[in-house]
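Let me give you the structure first, and then I'll get to my questions.
In what follows, chains carry the letters A, B, and so on, assigned in the order in which the sequence lines appear, proteins first and then strands, with residues in each chain numbered from 1.
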Amino acid sequence: MKDLQLTCLREDEKATLRLRALFARYGYRPYRMSKFEEYDLYVRNKSFLLSDHVITFTDTDGKLMALKPDVTLSIVKNSKASEGGLEKVFYNENVYRVSRGGESFREIMQVGAECIGEIDEYGLCEVLLLAAKSLETLSHSFVLDLSHMGILAAVLDGLGLTDASRAELLACIGDKNLHTAREICRREGVSPEGEAALELLITSYGEPSRVLPLLRKGLPKESCGALLDQLERILDALSPAIPEGRLHVDFSVIHDCRYYNGLVFKGFIEGIPTGILSGGQYDALMQRMGKRAGGVGFAVYLDLLEELAKPRTDYDVDAVLLYGEEDPPAKVASAVERLSADGKSVRAQRGLQEDQRYRELWRLQGEEVTLLEADA
Amino acid sequence: MKQMLNIALPKGRLGEKVYAMFEKAGFPCPSIKETNRKLIFENEEVGVRYFWVKPSDVAIYVERGAADVGVAGKDILLEYEPDVYELLDLGVGVCRMAVAAREGFRDDGARTLKVATKFSRIAKAHYASLGRDIDVIHLNGSIELAPILGLSDVIVDIVETGTTLKENHLEVVETVLPISARLIANKSGFKFKSERIEQIVRGLSMQTEEQA
C-alpha cells in the first residue's frame with residue numbers, strides 16, 4: 001500500500017517530501033505562512049521579484065493585498081532575528097507569478113531554506129551544502145554554479161564607469177558575452193588591466209581547482225584577495241561533501257546587487273533548460289528592510305521538474321473491476337480490497353468506458369472475481 | 001555513441017552561410033545539403049543534429065532547451081531578451097537597425113513621434129535614451145508603407161543595402177545599432193555539454209578572426 005501511495009504522487013510532490021526531510025535533518029524548522037501579503041511589500045522591493053506582475057485584490061478592510069509571488073520577502077519581513085540570533089527555516093509554498101517568457105499567471109510550487117541572523121562561514125557552507133544536496137535529491141546529473149557579487153563589484157568598481165556602462169558590463173558577464181564587453185571597454189577607455197580582469201570573469205568557469213588559480217593570478221589582489229580567500233575556504237569545505245565535477249565557479253550567475261552582496265549561486269539539472277535552484281546572500285535586502293542581521297537562502301522551483309522527459313503512463317488504472325446492478329456494495333468493496341492488496345490500483349465500475357486503458361479487466365461474479373483480459 | 005548536440009540554424013541564406021562555418025569548424029552533416037523536405041539532419045559520428053527554424057524562433061528553441069546552441073540576429077536577442085548565453089559575434093548577416101523616414105522629414109520635437117516597427121522594445125529603448133515621447137505602432141511586415149501612407153512619422157527597422165528605402169523615397173535618419181549574427185547557447189545545456197560547445201566556439205572564432 002505504501003508503494004502505491006508513493007507512485008500516485010507527482011514528481012514535485014515526491015521531491016517536496018524528500019527536500020523537507022533533508023532540511024529537517026539539518027535542524028531547519030518548517031515555516032508556514034498565509035497565502036496573502038500586503039501589496040506594499042512587493043512594490044517596495046519589485047526588483048527582488050523574478051517577475052513584476054503580482055495578482056492583487058482588495059481585502060474587506062480596504063487594504064490592497066497580493067497573492068504571494070515570492071516567499072523570501074515574507075520570511076525576512078516577519079523575521080525576529082537580530083545580531084547574535086539565528087533562524088533556520090524551510091518552507092514549501094505555492095507562489096503566483098508569470099514565469100519567464102510566459103504570458104499568464106501560474107501557480108508554482110516553491111521549496112526553499114533560509115538562514116537569517118548572525119551568519120558565519122559555517123552557516124554559508126551549510127546553506128550551499130543543502131543547495132547541492134537538494135539538487136542531488138532531484139537528479140544525480142546536476143551542477144551548482146557559485147559566484148560572488150563582492151568580487152564582481154570589486155572588479156567593476158576598479159573600472160571607473162558610469163552606472164549605465166556598469167550595468168551593460170554586468171549583463172555581458174551574465175551572458176558570457178565577451179565580444180560586447182570588449183566593445184564597451186574600448187568605448188569607455190577601460191585600462192588593459194581592467195579589461196583583462198573583466199575578461200577573466202567571463203571566460204573562467206568550471207571546476208574550482210582549475211578556475212581559482214586563474215582568478216588568483218588575474219584579479220587585483222588588493223580589492224579581490226580577501227574575497228578570493230573566503231571563496232576558497234568555502235569551496236575547500238564543500239568539496240569533500242559534493243560529488244566531483246558538480247560544483248562550479250561561474251560568474252555568469254548574477255543577482256541584483258541592491259539585494260545580494262556576497263555569495264550567489266544557481267543550480268542546474270541535466271534535461272531542464274533553466275536553473276531550477278537559485279539563491280544567495282542577501283544582507284543588503286535585510287538592511288533595506290531595516291533588519292540588523294544577515295541572510296542567506298535559496299529556492300527550488302519544482303514546477304520545472306515537469307520538464308524532465310519521463311515515459312507517459314500507458315494505463316489509466318491497473319485493474320478495472322466490473323460489477324452488476326444486483327451486486328451488493330459490501331461484496332464490491334471486498335473484491336476491490338482483495339484485488340488491490342498487492343499494490344494494484346483498482347477501479348470498480350458497472351460497465352466499460354470508451355478509451356479507458358487498463359492492464360487487467362475483472363468481473364465480479366457472485367463471490368468470485370474472474371479475470372477477463374490481461375495485457376502481457 | 002557521442003552525446004548529441006542540437007543546433008538550431010536560421011532558415012535561408014544566412015543559415016546556409018553559418019552552416020558552412022560549422023562544417024569548417026569540424027561539425028559537418030552532409031545530409032543537410034540534400035534537397036528534400038526533411039527538417040532534422042543528423043551526423044551520429046560527429047554527434048550533431050541540425051535543424052532549420054524561422055530566424056526569429058531560433059532564440060526560443062535555444063532558451064527552451066530544444067537546441068543546445070543556435071545562431072540568432074542581435075536584433076532578435078535585443079527584442080525578445082531570451083535568457084541565453086551570447087558566446088560569439090559571427091560577423092555575418094551584418095546590417096543595422098535604423099530609423100528611417102520620408103525624404104526630407106524633420107522631427108521638430110513639438111509632438112509625439114509616431115514610430116512604426118516590428119521591434120517595439122528596441123524602438124522604445126532607443127527613444128527612451130533620448131527622452132523623446134513616442135507612440136509605437138507595432139506592425140508585422142511591410143513597415144516601409146507606414147510613413148508613406150501617414151500611419152507613422154518614422155520607422156525603426158533593419159536596413160541592409162537601403163535599396164527598398166530608396167525605391168520608396170525613404171531615407172535613413174539615424175542608426176540605432178549595428179546588427180550581426182550571434183552564436184547563442186542554452187544556459188543549462190552549456191553546463192553539461194560545455195566541452196563540445198567550447199569546441200564550436202573555438203572553431204568558429206578562428207574563422208571570424210580570419211575574416212576580421
Side-chain angles (χ1 to χ4, degrees), chain A residues 50-51 99-102 135 139-146 164 167-168 171-183 187 202-207 210-211 245-254 265-278 301 304 306-309, chain B residues 3-6 8 57 59-70 72 74 77-92 94 125 128-129 177-195 197-198 200-202 204-205 208-209 211-212:
Chain A
L50 290 177
S51 150
S99 53
R100 200 186 153 84
L135 291 168
S139 165
H140 290 294
S141 188
F142 73 90
V143 166
L144 180 65
D145 275 348
L146 186 59
E168 277 183 272
C172 288
I173 299 170
D175 293 343
K176 294 194 187 296
N177 185 343
L178 185 59
H179 46 278
T180 309
R182 281 176 177 159
E183 278 169 26
R187 187 188 74 200
I202 297 176
T203 54
S204 307
Y205 50 83
E207 296 210 32
R210 191 178 60 78
V211 176
R246 300 293 165 200
L247 183 63
H248 288 183
V249 174
D250 193 323
F251 287 97
S252 70
V253 178
I254 290 173
F265 47 95
K266 210 161 193 172
F268 297 87
I269 282 179
E270 192 167 14
I272 295 181
T274 60
I276 193 170
L277 180 148
S278 178
Y301 310 112
L304 292 173
E306 279 184 9
E307 301 266 357
L308 282 180
Chain B
Q3 189 185 36
M4 273 291 176
L5 197 68
N6 294 312
D57 288 342
I60 298 170
Y61 277 80
V62 175
E63 183 182 32
R64 295 270 179 159
D68 299 303
V69 295
K74 184 67 182 174
L77 301 181
L78 288 170
E79 185 59 26
Y80 299 105
E81 295 186 345
D83 189 19
V84 295
Y85 289 138
E86 185 184 322
L87 300 175
L88 195 61
D89 181 348
L90 296 174
V92 293
V94 177
S129 72
L177 49 103
I179 303 287
S180 56
R182 312 292 164 104
L183 177 73
I184 57 174
N186 175 269
K187 287 191 170 178
S188 181
F190 189 84
K191 312 288 161 197
F192 302 97
K193 298 177 180 176
S194 58
E195 219 168 282
I197 295 175
E198 281 163 4
I200 290 183
V201 174
R202 277 195 299 274
L204 294 176
S205 45
T208 56
E209 278 158 22
Q211 279 167 16

> Which heavy atom of A:P273 sits nearest a heavy atom of B:S188, and at what distance?
Replying inline: O-CB, 3.4 Å

>> If I measure from the heavy atoms of chain B, does A:R182 come under 4.5 Å with its side chain, its backbone, both, or neither?
In response: neither

> Do you know which of B:K193, B:K191, B:K187 has the most heavy-atom pairs under 4.5 Å to chain A?
Replying inline: B:K191

>> Which atoms of B:E198 are under 4.5 Å from chain A, going by heavy atoms: the side chain, the backbone, both sets, or neither?
In response: side chain

> Looking only at heavy atoms, what is the nearest atom pair of B:V84 and A:D175, with distance?
Replying inline: O-OD1, 3.6 Å

>> So for A:I276, is it side chain, backbone, both, or neither that comes closer than 4.5 Å to the heavy atoms of chain B?
In response: neither

>> Need one label for A:Y205: side chain, backbone, both or neither, based on atoms under 4.5 Å from any heavy atom in chain B.
In response: side chain

>> Among A:G275, A:C172, A:S141, which residue has the highest count of heavy-atom pairs closer than 4.5 Å to chain B?
In response: A:S141

>> Tell me whether A:F265 at atom CZ has more than 12 heavy atoms from other residues, nucleotides or ligands lying less than 6.0 Å away.
In response: yes

> Which bit of B:N186 comes within less than 4.5 Å of chain A, counting heavy atoms only: side chain, backbone, both or neither?
Replying inline: side chain

> Passes side chain to side chain contact (heavy atoms under 4.5 Å, CB included), B:R182 versus A:H179? Steps please.
Replying inline: CA-CA 10 Å; B:R182 312 292 164 104; A:H179 46 278; 3.5 Å; yes

>> Between B:F190 and A:F268, is the side chain to side chain contact (heavy atoms under 4.5 Å, CB included) condition met? List the steps.
In response: CA-CA 10 Å; B:F190 189 84; A:F268 297 87; over 6 Å; no

> With only heavy atoms counted, which part of A:I202 is less than 4.5 Å from chain B, the side chain, the backbone, both or neither?
Replying inline: neither

>> I need the B:F192 CZ to A:I269 CD1 distance, nearest 0.5 Å.
In response: 7.5 Å

> CG of A:N177 to CG of B:L77: how many Å apart, nearest 0.5 Å?
Replying inline: 9.0 Å

> Can you say whether A:T180 sits under 4.5 Å from chain B via the side chain, the backbone, both, or neither, judging by heavy atoms?
Replying inline: side chain

> How would you list, by chain and number, every residue that makes a side chain to side chain contact (heavy atoms under 4.5 Å, CB included) with A:L247, sequence neighbours excluded?
Replying inline: A:L144, A:L235, A:L238, A:I242

